[in-house]
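Keep in mind that this is a model prediction, so the values were computed, not measured.
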Amino acid sequence: MKTISRLIQINFWLAAFSVMGYLTLVIGILLQCSLGVFQLACYLYLLTNFKKCSQYLKAHLLIYGFITTALLVSFGIDQDTFFTTLWLGSYVLVAYFIFILYQTKKIES
């Protein structure tokens with residue numbers, strides 16, 4: 001449970017800093033990219049414990065994985081669309097992943 005709590009804290013602060021970083025566009029983009037890398041690492045960590053997860057959590061992890069994969073594949077198809085989607089829609093994905101982490105913490109406790 002300590003691990004999930006720390007992941008939630010790090011994820012929250014990275015998201016907050018990336019939003020504040022958009023006061024200067026370049027820093028916001030860099031922080032948003034680091035947030036994305038961190039969330040992918042967390043997702044892979046959760047996948048390593050996939051068998052221990054409840055059916056409810058497994059469904060949310062699969063949905064997150066599908067959406068993330070679709071975004072990454074769209075980068076290979078059309079880079080302009082990818083950057084627009086990344087900039088406008090990624091915070092919805094960030095919020096969804098924070099929801100998944102909170103659900104993981106709630107189920108573990």
**Q** Please name all residues satisfying side-chain contact (heavy atoms from CB on, under 4.5 Å) with Ile27, sequence neighbours left out, ordered by chain then number.
**A** Thr24, Leu31

**Q** If you take all heavy atoms of Lys51 and Lys58, which pair is closest and at what distance?
**A** O-NZ, 4.2 Å

**Q** Going by heavy atoms in the side chains, are Tyr102 and Ile4 under 4.5 Å from each other?
**A** no

**Q** Just to verify, what does Ser18 make a side chain to side chain donor-acceptor pair (under 3.5 Å) with, not counting sequence neighbours?
**A** Tyr91

**Q** First locate atom CG of Leu14, then atom SG of Cys33, and finally report the distance between them rounded to the nearest 0.5 Å.
**A** 12.0 Å

**Q** Distance check, rounded to the nearest 0.5 Å: Leu7 atom CG versus Ile98 atom CD1?
**A** 12.0 Å

**Q** What's the separation between atom OG1 in Thr48 and atom NZ in Lys52, rounded to the nearest 0.5 Å?
**A** 8.0 Å

**Q** Do Leu101 and Lys105 make a side-chain contact, defined as non-hydrogen atoms from C-beta onward lying under 4.5 Å apart?
**A** no

**Q** If two hydrophobic side chains count as joined below 4.5 Å and joins carry through other members, does Ile63 share a cluster with Leu61?
**A** yes

**Q** Enter the distance from Gln39:CD to Ser34:OG here, rounded to the nearest 0.5 Å.
**A** 10.0 Å

**Q** Taking only residues two or more places apart in sequence, or in another chain, which ones meet Phe17 in a ring pair (Phe, Tyr, Trp, His ring centres under 6.0 Å)?
**A** Trp13

**Q** Just verifying a value: how many Å separate Leu46 CG and Phe97 CZ, rounded to the nearest 0.5 Å?
**A** 5.0 Å

**Q** With a 4.5 Å cut-off on side-chain heavy-atom distances among I, L, V, M, F, W and Y, is there a chain of contacts connecting Leu47 to Leu93?
**A** yes

**Q** Quick check: closest heavy atoms across Leu57 and Cys53, and the distance to 0.1 Å?
**A** CD2-SG, 3.8 Å

**Q** Same cluster for Phe12 and Phe99 if Ile/Leu/Val/Met/Phe/Trp/Tyr side chains link at under 4.5 Å?
**A** no

**Q** How many angstroms lie between atom CD of Gln32 and atom CG of Leu35, to the nearest 0.5 angstrom?
**A** 7.0 Å

**Q** Sort out for me which residue in Ile100, Val92, Val94 forms a side-chain contact (heavy atoms from CB on, under 4.5 Å) with Tyr96.
**A** Ile100

**Q** Starting from Leu30 and following side-chain heavy-atom contacts under 4.5 Å between hydrophobic residues (I, L, V, M, F, W, Y), which residues can be reached?
**A** Val26

**Q** Going by the ring pair (Phe, Tyr, Trp, His ring centres under 6.0 Å) test, which pairs reach into residues 30-57, not counting sequence neighbours?
**A** Tyr43-Tyr64, Tyr56-His60

